[in-house]
Protein chains: 2
Amino acid sequence: MYRKNVPRKPDPNVRSTLIEVAARLLAEDGPQALSTRRVAADADTSTMAVYTHFGSMSGLVREIVYEGFARLQDYFSQIKETDDPVSDLCVHGRAYRRNALANPHLYAVMFGGESLSGFELSEEDRQHGRYVLASIVGCVGRCVEQGRFRQADPGMVAHHMWFAMHGLVNLELGDYLIEPWGAQECFESQLVTLVVGAGDGLDLATRSVAESAQRLDAELGIRA
Amino acid sequence: MYRKNVPRKPDPNVRSTLIEVAARLLAEDGPQALSTRRVAADADTSTMAVYTHFGSMSGLVREIVYEGFARLQDYFSQIKETDDPVSDLCVHGRAYRRNALANPHLYAVMFGGESLSGFELSEEDRQHGRYVLASIVGCVGRCVEQGRFRQADPGMVAHHMWFAMHGLVNLELGDYLIEPWGAQECFESQLVTLVVGAGDGLDLATRSVAESAQRLDAELGIRA
DNA sequence: GCGAGGTGATAGCACCGTTATGTACCGTAA
DNA sequence: TTACGGTACATAACGGTGCTATCACCTCGC
């Protein structure tokens with residue numbers, strides 16, 4: 001009488017599979033590939049699975065944002081603390097940019113595309129993002145303690161660092177940076193400017209920035 | 001025999017009307033209101049007008065981006081050149097932020113939403129954006145000439161300024177900034193940090209930044 | 001007057017997010 | 001063991017999207 005409906009047995013992995021597939025689609029085929037039908041098809045299920053587990057497409061995107069912050073956190077956790085806190089801070093900046101360039105669409109969803117593209121982040125989501133960034137404040141605090149940076153609120157200085165890194169990376173991903181002010185060259189001199197602005201001397205700042213460049217590949221292995 | 005088609009006489013203003021309506025929809029109802037049917041209905045025409053005059057929805061959005069840069073240009077052109085180039089530079093920074101906060105969705109389309117939301121900017125569009133920003137380079141050049149900033153490429157220093165302003169504004173629009181590091185407070189101290197990082201002394205920088213705040217309302221009238 | 005080209009109104013396509021409906025499976029309780 | 005209730009999910013449909021094909025109408029050069 002009725003059609004065959006043949007739902008297969010409930011798959012306990014379907015939730016994580018959907019997130020994984022969605023993140024892969026975002027990375028490989030861009031944001032326009034993030035549709036319920038495409039994700040469901042690639043995960044070998046139906047669109048309803050998205051609504052069962054995430055409530056809506058926005059819910060799935062929300063999980064992808066968390067995945068993005070987890071990858072950034074992963075980079076940060078690999079950075080070793082040395083006796084040069086300014087170098088440590090610069091490595092954080094380099095890791096921030098490396099993560100963004102390795103996951104450009106993910107980064108765009110995390111920061112750029114909240115108002116666009118129809119979906120919105122909740123205050124809880126943004127708080128989670130801020131928490132990941134909070135590890136930088138410790139670095140700045142040590143810079144102040146050791147007299148490298150002038151007396152200031154470490155949280156505020158960390159925000160300055162964040163703004164400059166985010167602005168550069170965002171414009172780099174938007175192809176706004178061209179020669180003779182390419183992204184890499186801008187990045188290096190921007191780091192020096194920020195460190196000097198925070199209170200360090202020019203020579204000392206230049207040395208720490210240069211040192212941080214060599215630490216990057218040593219401490220941050222290539223990750224998928 | 002055939003249907004009544006009743007196209008009215010070709011309206012020479014329909015192109016500019018579409019841009020105007022689209023910009024208003026973007027400002028008032030957000031990006032999701034930017035649909036061919038909605039724009040056409042509000043402009044009292046059909047969706048075909050969009051394709052006749054702009055080729056696609058992306059073409060219309062492209063025009064909106066130019067409108068956004070025109071507004072920014074408008075702010076910049078109102079700034080008077082004084083004998084304190086650092087103050088002039090800071091006023092440019094303040095105007096940049098004021099324009100972004102006055103046209104948040106427009107700003108998001110200009111910089112944030114290129115990869116997202118399906119549409120893309122051409123290299124020509126981005127070049128036009130860079131050209132608008134180029135007026136800042138002159139300011140930085142005078143800072144270097146007068147010995148306020150250390151010897152450096154003015155274009156590079158202008159880029160540093162741009163990155164920091166764009167990063168702050170972008171995160172502010174994304175509601176990522178909360179107390180005790182609110183946007184306004186971050187903005188003020190960020191300006192000082194940038195100016196000091198470029199080479200100015202702390203006292204001199206603080207004074208020019210404070211002076212620039214008073215110039216803002218005097219030189220930049222409120223505009224729609 | 002008349003043909004040519006441009007403008008735009010209508011209808012349709014494929015796709016989107018989302019929802020309603022119904023079926024198969026599960027753990028639990030009788 | 002059997003019956004039940006809740007969950008997972010397959011299907012189909014609804015209203016929306018960008019875009020295209022078709023065709024009526026207007027304006028312009030001749």
Side-chain angles (χ1 to χ4, degrees), chain A residues 1-19 21-22 25-26 29-64 109 113-121, chain B residues 1-22 25-26 29-65 109 113-121:
Chain A
M1 180 76 184
Y2 292 109
R3 301 296 172 77
K4 288 188 292 185
N5 226 346
V6 285
R8 72 204 62 192
K9 66 181 61 179
D11 183 356
N13 299 327
V14 73
R15 179 187 165 89
S16 57
T17 300
L18 282 171
I19 299 176
V21 164
L25 281 178
L26 183 64
D29 293 358
Q32 75 284 2
L34 268 191
S35 72
T36 52
R37 287 167 176 81
R38 179 80 190 275
V39 170
D42 276 34
D44 200 34
T45 179
S46 76
T47 63
M48 270 308 296
V50 172
Y51 295 90
T52 298
H53 293 281
F54 306 101
S56 68
M57 196 59 202
S58 299
L60 178 53
V61 174
R62 220 181 68 105
E63 293 299 322
I64 297 180
V109 175
E114 312 173 27
S115 69
L116 293 153
S117 192
F119 95 102
E120 285 194 1
L121 265 56
Chain B
M1 180 77 182
Y2 293 107
R3 302 295 171 79
K4 288 189 293 186
N5 225 347
V6 284
R8 74 204 63 193
K9 66 181 62 177
D11 183 357
N13 299 327
V14 72
R15 181 188 164 90
S16 56
T17 300
L18 282 172
I19 299 176
E20 182 184 343
V21 164
L25 281 178
L26 182 63
D29 293 358
Q32 75 284 0
L34 269 189
S35 71
T36 53
R37 286 165 176 82
R38 179 79 190 276
V39 170
D42 277 33
D44 200 35
T45 181
S46 76
T47 63
M48 269 309 296
V50 173
Y51 295 90
T52 297
H53 292 281
F54 307 100
S56 68
M57 195 59 203
S58 299
L60 179 52
V61 174
R62 219 182 70 106
E63 292 300 321
I64 297 180
V65 169
V109 175
E114 311 173 28
S115 70
L116 293 154
S117 191
F119 94 102
E120 285 193 2
L121 265 55

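Small disclaimer: the values here were computed from a predicted structure and weren't measured. All heavy atoms count here, side chains included; hydrogens, waters and symmetry mates do not. Here is how names work: the chains are called A, B, and so on, in the same order as the sequence lines, proteins then strands, and each is numbered from 1.
In this structure, CZ in A:F54 is found 13.0 Å from OG1 in A:T36, a value given to the nearest 0.5 Å. To the nearest 0.5 Å, the span separating CG on B:D42 from CZ on B:R37 amounts to 14.5 Å.
For the pair B:H53 and C:dG8, the criterion of a side-chain N or O lying under 4.0 Å from OP1 or OP2 is met.
Between A:T17 and A:A43, the closest heavy-atom pair is CG2-CB, 4.1 Å. Closest of all the heavy-atom pairs between B:F119 and B:S58 is CB-OG, 3.4 Å.
When each of D:dT17, C:dG8, D:dT20 is scored by its nearest atom to the side-chain atoms of B:T47, the top-ranked nucleotide is D:dT20. In the set C:dA9, D:dG18, D:dA12, D:dG18 carries the atom at the smallest distance from any side-chain atom of B:M57. Nearest nucleotide to the side chain of B:T52, out of C:dG8, D:dG18, D:dC19: C:dG8.
For DNA chain D, runs of at least 3 consecutive pairs of the Watson-Crick or G-U wobble type, with both hydrogen-bonding distances under 3.5 angstrom, map to C:1-30 with D:1-30.
If you take CZ of A:R38 and P of C:dA14, they are 19 Å apart, rounded to a whole angstrom. If you measure from atom CD of A:Q32 to atom C1' of D:dC19, you get 16 Å, rounded to the nearest angstrom. We find that CZ of B:R15 is positioned 15 Å from C1' of C:dG6, with the value rounded to whole Å. Straight-line distance from the CG atom of B:L60 to the P atom of D:dC19: 11 Å, rounded to whole Å. Straight-line distance from the CZ atom of B:F54 to the C1' atom of C:dT7: 14 Å, rounded to whole Å. Going from atom OH of A:Y51 over to atom P of C:dT19 covers 7 Å, rounded to whole Å. Atoms CG (A:D29) and P (C:dC16) sit 12 Å apart, rounded to a whole Å.
Looking at heavy atoms from C-beta onward, A:T45 lies in side-chain contact with A:L18 at the 4.5 angstrom threshold.
For the pair B:R15 (side chain) and B:H53 (backbone), a donor-acceptor distance under 3.5 Å is present.
Take the nearest nucleotide of DNA chain D for A:R37 and for A:S46: the residue whose nucleotide is more 5' is A:S46. Nucleotides of DNA chain C nearest to A:M48 and A:L34 differ in position, and the one nearer the 5' end is that of A:L34.
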(message) Apply side-chain contact (heavy atoms from CB on, under 4.5 Å) to residues A:I64 and A:L34 and explain how you reach the verdict.
(response) CA-CA 11 Å; A:I64 297 180; A:L34 268 191; 4.1 Å; yes
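Contact annotation for A:T36: base contact, defined as any heavy-atom pair under 4.0 Å involving a base atom.
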